[in-house]
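A note on names: the letters A, B, ... follow the listed sequences, proteins ahead of strands, and every chain is numbered from 1.
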Amino acid sequence: MTIDKGAPAKAPLNIHEYLAEFDDIPGTRVYTAARARKGYHINQFAMSLMKAENRARFKADERAYLDEWKISEEAKQALLARDYNALLDMGGNVYFLSKLFSSDGLPFAEAVSTMTDMTWPEYRQMMLDGGRSPEGNRSIKENLAAAAARAQETGKDN
Amino acid sequence: MARITAGVGSSHVPLLGVAVDQGKSNDDYFGPIFAGYEWTRQWEKEQKPDVIILVYNDHASAFDMKIVPTFAIGCGESYKPADEGWGPRQVPDVEGHPDLAWHIAQSLILDEFDMTIINEMDVDHGLTVPLSMMFGQPEAWPAKIIPLAVNVVTYPVPSGNRCWALGEAIKRAVESFPEDLNVQIWGTGGMSHQLQGKRAGLLNREWDNKFLDMLIGDTDAARWIPHIEYLRETGSEGIEMVMWLIMRGALGEKTRLLHRHYHIPCSNTAIGHIVLEPVEEETVPA
C-alpha cells in the first residue's frame, strides 16, 4: 500500500498575535470568541425579540422581561438606555442588537449613527458624501506615531 | 455533466430589499444603484441558470449564538423568507436542489471540507436581496438555489485562502454531477462597511475597486489578503468579502469580466457588483 502524505502542513497563524492586532483598530470592537462568550445572554435576549409575542412582552415591561435573562445589572441598564457602545463592550454584536433597533422601529443606519460622535442628520450626510475615510482610521499605533511626529515638528518650529 | 458557467458578486444590503418591496428602486437615492443591475437582469434572462449556489451569511436569523457553523450547505427541498423582526419579506419561497446539494455536500466532505448540512431553515436578506437584485419581482424564482452559509460574524471567520479552496472544491464537485445542469455561483455581502462603534460609516472606494480588479484574470492574490487588512481598510463588516472568494475560486484559474458596478452609498454600505465567466484554457495536444 502506497501512502501519499501530500504537501507538509503549513504552520497555523498564531492565535494570540492574530487577536492582538484587532485591538489596534480605532473605534471598533471585533466580535471575538471572548466577546461572544461575555455577551452570550445579551445577544440571545436580543434574538428572542424576533418573535412577535416576546416583543409585545418586552414593550409592556422592559425591566421585567430583562429580569428573565442571565444578564448583569450593568448590561440591563445599557439595554434600557439603548447605549450600544456600552453593549458592544459587554460582548453585544450588532446583528443581534439590531433586533432591538427593529423592535424600537429605528432604521438600521440611524441606530448605527448613535454609536458615533455625530447626530443622525450629520451621519447621513457623511454617508451621502462618500462615507468615513479610512485615512487616520486604520491603526491606533499609527495615529499615535503620527501625532508624536507632528508634535516633534511643531517643537522644532518653535 | 453539470458545469459552473458564471460567477456573480453582489452586496446584499437589507435596504435594497425594502426599496424593491416598496417600489422605490427608481427614485433619486436608489435609481443609480439599481441601474447597475439592469445589464445583469437582462443577461440572467438569456443565461437561464438551472441552479445557483448562493454563498451568503445569515444575520442572526436562522442561526443564533447556540450554533455557529463555519461552512453550512442547504440540502433541503425549500426555504421560507425569514422574519427579521419586521415580518418576512413578501418574496417567493426559495426552492432548493437537494440532488445536487447532497452530491456537493458528500463530495466536499470526501475532499476534506467538513461541511455542516442543513435540511430546514429560513433564509434572510443575505440570500433574498441578491435574488431580488438579479431577478426583480417574479412570481417564482427562476432557478433552484443551493444556500451556502458562511460564518463571517464570530471570529475567527474562515481565511480567504480557505474560502478560495472551498470554491475550487465546489467546482470539482459540480463537474462530477452526471446531470447536464447550468450552474452559477454567487458570492454576496460587502463591500466596505462598518456598522458598529465610533468608526461606523467607514467606506473605502479605492480598496473595494482593487478587490474587484483582483477577481478578474488569472491572479489569485486576493486569497492571501489577511483578515486584519479587511478590518482596517474596509470596516468590521467588510470581512463579508471573503464570501466572494468562494465564488472566484469556483471559476477556475482564469476569469473574464462581463459586467461591473460600484456605487456609494446605500445606507451604511458600499455597493459592489461583478459578473465573471470562467476562461477554460485550451489544452494543446503535445
Asker: Measure distances from B/P14 to the heavy atoms of chain A and classify the residue's part below 4.5 Å as side chain, backbone, both or neither.
Answerer: neither
Asker: Output the option from A/A46, A/G131, A/A36, A/P134 having the highest count of non-hydrogen pairs under 4.5 Å with chain B.
Answerer: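 Most heavy-atom pairs within the cutoff with chain B belong to A/P134.
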Asker: What distance separates A/I25 CD1 from B/L202 CG, expressed to the nearest 0.5 Å?
Answerer: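 CG of B/L202 is found 10.5 Å from CD1 of A/I25.
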Asker: Step through the shown structure and confirm whether more than 12 heavy atoms of other residues, nucleotides or ligands are within 6.0 Å of CD1 on B/I67.
Answerer: no
Asker: Side chain, backbone, both or neither: which part of A/L88 has a heavy atom under 4.5 Å from chain B?
Answerer: side chain
Asker: Is there side-chain contact between A/F108 and B/L15, with heavy atoms separated by less than 4.5 Å?
Answerer: no
Asker: Below 4.5 Å from any heavy atom of chain A, which atoms of B/I264 appear? Answer side chain, backbone, both or neither.
Answerer: side chain
Asker: Just by distance, which donor-acceptor pairs between chain A and chain B come in under 3.5 Å?
Answerer:
residue	atom	partner	partner atom	Å
A/Y18	OH	B/H227	ND1	2.6
A/D24	OD2	B/R232	NH1	2.9
A/D24	OD2	B/R232	NH2	3.2
A/G27	O	B/Q194	NE2	3.4
A/G27	O	B/K198	N	3.3
A/G27	O	B/R199	N	3.2
A/T28	OG1	B/Q194	NE2	2.9
A/T28	OG1	B/R199	NE	3.2
A/R29	N	B/Q196	OE1	3.1
A/R29	O	B/Q196	NE2	2.9
A/Y31	O	B/Y155	N	2.9
A/Q44	OE1	B/M65	N	3.2
A/Q44	NE2	B/D64	OD2	3.2
A/Y95	OH	B/E240	OE2	3.1
A/K99	NZ	B/H59	O	3.2
A/K99	NZ	B/A60	O	3.0
A/Y123	OH	B/G201	N	3.4
A/Y123	OH	B/N268	OD1	2.7
A/R132	N	B/G201	O	2.8
A/R132	O	B/L203	N	3.1
A/R132	NE	B/R199	O	3.2
A/R132	NE	B/A200	O	2.8
A/R132	NH2	B/K198	O	3.2
A/R132	NH2	B/A200	O	3.0
A/N137	O	B/R199	NH1	2.7
A/R138	O	B/R232	NH1	2.9
A/R138	NE	B/E233	OE1	3.1
A/R138	NE	B/E233	OE2	2.7
A/R138	NH2	B/E233	OE1	3.1

Asker: At a 4.5 Å cut-off on heavy atoms, which part of B/V157 comes close to chain A: side chain, backbone, both, or neither?
Answerer: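 Only the backbone of B/V157 comes within 4.5 Å of chain A.
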Asker: Given heavy-atom pairs under 4.5 angstrom as the criterion, report whether the side chain, backbone, both or neither of A/M126 touches chain B.
Answerer: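 Answer is side chain: those atoms of A/M126 sit under 4.5 Å from chain B.
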Asker: Is A/I15 in contact with chain B via its backbone, its side chain, both, or neither, using a 4.5 Å heavy-atom distance?
Answerer: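 When you check distances to chain B, only side chain atoms of A/I15 fall under 4.5 Å.
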Asker: Side chain from CB out, backbone as N, CA, C, O: work out which of these in A/M50 comes under 4.5 Å of a heavy atom of chain B, or both, or neither.
Answerer: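 Both backbone and side chain of A/M50 come within 4.5 Å of chain B.
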